[in-house]
Colleague: 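First the structure, which I've put down as structure tokens, then a few questions once you've had a look.
Protein chains get the first letters and strands the later ones, always in sequence-line order, with residue 1 at the start of each.
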Number of protein chains: 2
Amino acid sequence: MRMSEGVEWALHSCLNLSWVDSGRAVTAAKLAAFYELPAAYLNKQLQALTRAGILSSSSGPRGGFQLARSPAAITLLDIVTAIEGPDEAFRCDEILRQGPGGDPETDYRQTCLISQGMRRADIAWRRELAAQTLADIKSSVEQKFPAAPLSTRNRLAALRA
Amino acid sequence: MRMSEGVEWALHSCLNLSWVDSGRAVTAAKLAAFYELPAAYLNKQLQALTRAGILSSSSGPRGGFQLARSPAAITLLDIVTAIEGPDEAFRCDEILRQGPGGDPETDYRQTCLISQGMRRADIAWRRELAAQTLADIKSSVEQKFPAAPLSTRNRLAALRA
DNA sequence: GACGGGGTACTCGGATAGAGCTTGTCCGAGTTAGCGTGG
DNA sequence: CCACGCTAACTCGGACAAGCTCTATCCGAGTACCCCGTC
């Protein structure tokens, strides 16, 4: 149960984008160079975020990515779901159907108590992720590292793309 | 972030084992036939559970697997961890180290606020799994399906192995 | 000097290969039960 | 009849392949800008 590496990249990239002047787009190449990541692959993750409506993209010169909505309206769950997909980690293949008294009509994802127990944990995980917005993270970072916004903007401006 | 299929098998197999007379071992072949699973592969999962101290195994005729301790002392988290490993789902590769002001000495798994946010969710997930014991599940199932214990024992006895 | 058109460079987007992990399978080491034999 | 040793079958345990997802990369479609020519 390993989460894709792209999740970390997506989270940090979104945070960096939250410090960019609104209306300014940043290219995938710059966002990748920021952490020395493979540009083409990060681009793939940013595409997923765009499809999810978290980022908006524009082509051509002066093109790139920017946040599609306010950081307060973007939760960690939104980003994780955009990259990893909506499925829950535990997948119930309903093996009870092969057991004694197995009924082809029954939806064991609902009735199986083991499945319910696993889902309970999954919901707790999602609830915790949904409770943290990008604005929360942004605010915490700014409080702990006041230089972060300016430092990020400067580095993004200085990087060649 | 897909969990191994073996987790479901392990959970159901442990539950079935909780209904077997204590002192009686059940072979991997029987546990697999119970749900028409590939025996050799289930065996692999049972080995992992044994290494984790959840099951105890014995070789030779009349050998097999049995619970190593009381169902009340086995949590869902124990079983999941035994199969999936102890690592948390979100892996922080500390890409901040490549960013501005990156310090090779700093442990960004601790200081990075994004990493902390993800860990918070992971802890909530684990807490929920640890709160549910095999005895809880067993009790709930027996209350909802009173025939389950006998039905399970009968099927295990009837299966050829 | 202002406007319009074409070319050009730049960006995303999806289609295309390679690596690592999960899944699936096999055979060997160890152990226990049963049986036969001898006392 | 009982005890002992041997055989043989059975089980786990780890070593050995195949499929699939994740990782990585490339090139094409689309777009905005810039330059040049014309009015």
Colleague: Is there a side-chain polar atom (N or O) of A:Ser58 under 4.0 Å from OP1 or OP2 of D:dT31?
Modeller: no
Colleague: Which is it for A:Asp122 and A:Arg126 under the salt bridge (Lys or Arg N to Asp or Glu O under 4.0 Å) test, yes or no, and what are the steps along the way?
Modeller: CA-CA 6 Å; A:Asp122 196 272; A:Arg126 288 181 139 77; 2.4 Å; yes
Colleague: Please compare A:Gly6 and B:Ser59 by the position of their nearest nucleotide in DNA chain D and report the one closer to 5'.
Modeller: B:Ser59
Colleague: Looking only at side-chain atoms of A:Thr27, point me to the closest of D:dT23, C:dT11, C:dG13.
Modeller: C:dT11
Colleague: Could you tell me whether A:Pro38 contacts a base, only the sugar-phosphate backbone, or nothing, with contacts defined as non-hydrogen atoms closer than 4.0 Å?
Modeller: sugar-phosphate
Colleague: Side chain of A:Arg120, backbone of B:Glu128: donor and acceptor closer than 3.5 Å?
Modeller: no
Colleague: Quick test of your reading of the model: are A:Arg119 and A:Glu88 salt-bridged, counting only N-O distances below 4.0 Å?
Modeller: yes
Colleague: Please report, rounded to the nearest Å, how far the P atom of C:dC21 is from the CD atom of A:Glu5.
Modeller: 12 Å
Colleague: Measure the distance from NZ on B:Lys30 to P on D:dC12 and round it to the nearest whole Å.
Modeller: 11 Å
Colleague: CG of B:Leu42 versus C1' of C:dC26: gap in Å, rounded?
Modeller: 16 Å
Colleague: B:Gln45 CD to D:dC12 P: how many Å, rounded?
Modeller: 14 Å
Colleague: Round to the nearest Å and state the distance from B:Gln47 atom CD to D:dG14 atom P.
Modeller: 5 Å
Colleague: Go through D:dC22, C:dG13, D:dC12 for me and flag the one nearest to the B:Phe65 side chain.
Modeller: D:dC12
Colleague: Can you tell me the distance, in whole Å, between the CG atom of B:Leu46 and the P atom of C:dG24?
Modeller: 15 Å
Colleague: Would you mind telling me which of D:dC26, D:dG13, D:dG14 lies closest to the side-chain atoms of B:Arg51?
Modeller: D:dG14
Colleague: In this structure, would B:Ile123 and A:Met118 fall into the same cluster of hydrophobic residues linked by side-chain contacts under 4.5 Å?
Modeller: no
Colleague: Please report, rounded to the nearest Å, how far the C1' atom of D:dC34 is from the CZ atom of A:Arg62.
Modeller: 13 Å
Colleague: How long is the line joining CG of A:Leu37 and C1' of D:dT23, in whole Å?
Modeller: 13 Å
Colleague: Okay, side chain of B:Arg2, backbone of A:Arg91: is any donor-acceptor separation there less than 3.5 Å?
Modeller: no
Colleague: C:dG13, C:dT22, D:dG13: which one has an atom nearest the side-chain heavy atoms of B:Tyr41?
Modeller: C:dT22
Colleague: What nucleic acid atoms does B:Ala25 come within less than 4.0 Å of, heavy atoms only: base, sugar-phosphate, or nothing?
Modeller: nothing
Colleague: Yes or no on salt bridge (Lys or Arg N to Asp or Glu O under 4.0 Å) for B:Asp78 and B:Arg69, after CA distance, side-chain angles and deciding distance?
Modeller: CA-CA 12 Å; B:Asp78 292 333; B:Arg69 56 180 191 261; 3.4 Å; yes
Colleague: Under 4.5 Å between side-chain heavy atoms, hopping through other hydrophobics if needed: is there a path connecting B:Ile137 to B:Phe145?
Modeller: yes
Colleague: Out of C:dC12, D:dA15, D:dA9, which has the shortest distance to the side chain of B:Lys44?
Modeller: D:dA15
Colleague: Check each residue of residues 82-99 of chain B for a non-hydrogen atom within less than 4.0 Å of any atom in DNA chain C, then write out the ones that pass by number, or none.
Modeller: none
Colleague: If each of A:Asn43 and A:Met3 is mapped to the nucleotide of DNA chain D with the nearest heavy atom, which maps nearer the 5' terminus, i.e. the 5' end?
Modeller: A:Met3
Colleague: Would you call B:Glu94 and B:Arg109 a salt bridge, using N to O less than 4.0 angstrom?
Modeller: yes
